[in-house]
Amino acid sequence: MSEQTPLIQVSNVSKKFGKLDALCDVSLTINQGEIIALLGANGAGKTTLINHLLGRLTPDSGNISIAGYKPGSLPARQRIGTILQSAKMPETLTIEEHIVLFSSYYLNPLPLAQILNIAGLTDLRKRRFKALSGGQQQRLFFALAICGNPQVVLLDEPTVGLDVQARRQFWQCIRELAQHGTSVLLTTHYLEEADALAEKAYLLSQGKLLHEGTCDSLKNKMGGKVIRFKTSSMQDFHTGIAGITQVQSRGQFVELVSQCAEDTLGYLFAQKIELHDLTVSQVSLEDAFLQMSSNSTPEHQLDNIKEAV
Amino acid sequence: MSTLVSNEVKMPYAKIIKIYYLEAKSELLKTFRVPAFTLPSLVFPVMFYVFFGLIFNRDGLDGQMPAYMLATYGVFGVIGPALFSFGVGVAIEKDQGWLALKQCSAMPIGAYFFAKIIASLLFGLIIILELFTLGALFGNVNMTSMEWGLTLISLLLGSLPFCALGLWLGLTVKGQAAPAIVNLIYLPMSIISGLWVPISIFPDWMQSFAWALPTFHLAQLTLAIQEFHLGYSVYIHAGVLLIMSIVFLLLATRAFKKQAIA
């Protein structure tokens, strides 16, 4: 296999469930060592795409290749590790027993000690599944995903339901893995998660890929900065003036989204508007996400954002 | 799809054998660590045999009742683990997403079924040996070693069609409903087939109905070893069991393909 060949190549894949377009002309590639986030709301098609990569679903049209092999075939399964959504495993087996069994399925598994180490489970190895916390259970699923020394790991919402600390521990596992040169594709609702882990993000909405690029480029595409302040003046702010693209009021605060913060601030100062508690910050991925995955009118977007607050 | 490359390294046989071994070992550990499941299935058939075969009807059939019931409670005993290990076990692991995760791994699917068959055969074997011991010690069951051996083989092999039935059920029903559904099939089927009391005391219409049940055929096959059967050819009973196995396996295969694409 030459260096240039992508590990996973998805070309123009479409899939319908009845009349619903679950995936619509989706193309993406995953290269060696990349961490890629697949963002999208519920029903956007994230899990459907993962199931195609695992061979659990077959596309209506288009092509998927896993290092040259058909998804779901044994050579493809040898190369992929995965965490599926909301799985449970037999409760009475220990961490070590689970890992030893799963490792046996693979041609060149990682050594047990290394798996336990990456997943942060070394001290818990003799503990049974039912005695583990949610975060520990998820790390065991992670251990099973990586035990076969796969070239790529597919993680479908791996940190859903975990508390902040458990989530951060889990991220550490993923970073550890990426240092070994393993590619990771993870789906997530948590934009913070994509921002913290992934170099590259795909945004999926209603089966279509809306954006491909770095998390920063996603934010930039959404445009600029958020200017936030308190004011007592009854001034109305309008979009289209001095680079302002969005006006929101959040309690006592006014938030202006601006393509060019310098112009907007200049305008605010020139108008001699009374400002308190002024902050200027990067648009959060959350907002970028809402803006881009919504095909509706700007007013509707505002509603979305308000609901999300 | 792109053409498959044939230079893929093959799994060495030693590694494949190790997978099957570890899978079976894990299945046994998993099962025996749940006493709430293990104990009733190991104790109930034996308890029933003691009550109905050794205590209450002891002198029935000219004193042959303990020998007769050794065969029928043997059937009752071995099909329980087969139906539950597959029916309930597979249904739960399917609902939990565990089966799906295993299918996405590089596990050969045969290892999964192999492990469950081994577990149910081992359970069956323990139950048979319990019954044999009680029958020989307290029931004056006198069989030739050939007859003991054939009874053992008939019961163990005869539990396999019920693994297939259980597998089909497990892949079809919901995990939460599985124990109730398996019991609803297991218990009435056992009673009507004459596993608890000899079928010859049932009215004719019930006896004819029993022909539709696999348990009836396995019981007749096992009873035939001691000449206690109703007198039909053993080939008919064996043939029906074989056909039922094939039908259940085909149904299970269809259900398996359907659930693989969730």
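Everything quoted here is computed from the prediction, not taken from an experiment. Residue numbering restarts at 1 for every chain, and letters A, B, ... go by the order of the sequence lines. Below, each value reflects all heavy atoms present in this structure, side chains not excepted, and no hydrogens, waters or symmetry copies.
For CZ of Phe132(B), the number of neighbouring non-hydrogen atoms (other residues, nucleotides, ligands) closer than 6.0 Å is greater than 12. In the displayed structure, Tyr21(B) atom OH is contacted under 6.0 Å by at most 12 heavy atoms of other residues, nucleotides or ligands. Within 6.0 Å of atom CZ in Arg175(A), more than 12 heavy atoms from other residues, nucleotides or ligands are found, so the atom counts as buried in its surroundings.
Of the inter-residue distances, the one linking Glu27(B) atom CD with Leu93(A) atom CG reads 9.0 Å to the nearest 0.5 angstrom. Put simply, NZ on Lys30(B) and CZ on Arg128(A) are 13.5 Å apart, with the number rounded to the nearest 0.5 Å. Between the NZ atom of Lys15(B) and the OH atom of Tyr106(A) there is a distance of 11.0 Å, given to the nearest 0.5 Å. Annotation: the span from Arg33(B) atom CZ to Glu91(A) atom CD amounts to 13.0 Å, rounded to 0.5 Å.
Side-chain contact between Ser105(B) and Arg77(A) is absent, with no heavy atoms from C-beta onward closer than 4.5 Å. No side-chain heavy atom of Cys104(B) sits less than 4.5 Å from a side-chain heavy atom of Leu154(A).
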Item to complete: List the steps and the verdict of side chain to side chain contact (heavy atoms under 4.5 Å, CB included) for Met11(B) and Gln78(A).
Response: CA-CA 11 Å; Met11(B) 206 68 157; Gln78(A) 282 281 351; 4.1 Å; yes
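Between Ala106(B) and Leu74(A), the shortest heavy-atom contact is O-CD1, 3.6 Å.
Of residues 97-105 of chain A, those residues lying under 4.5 Å from chain B by any heavy-atom pair are Glu97(A), His98(A), Val100(A), Leu101(A), Phe102(A), Ser104(A), Tyr105(A). Residues of residues 82-101 of chain B placed with any heavy atom under 4.5 Å of a heavy atom in chain A are listed by number as Glu93(B), Gln96(B), Gly97(B), Trp98(B), Ala100(B), Leu101(B).
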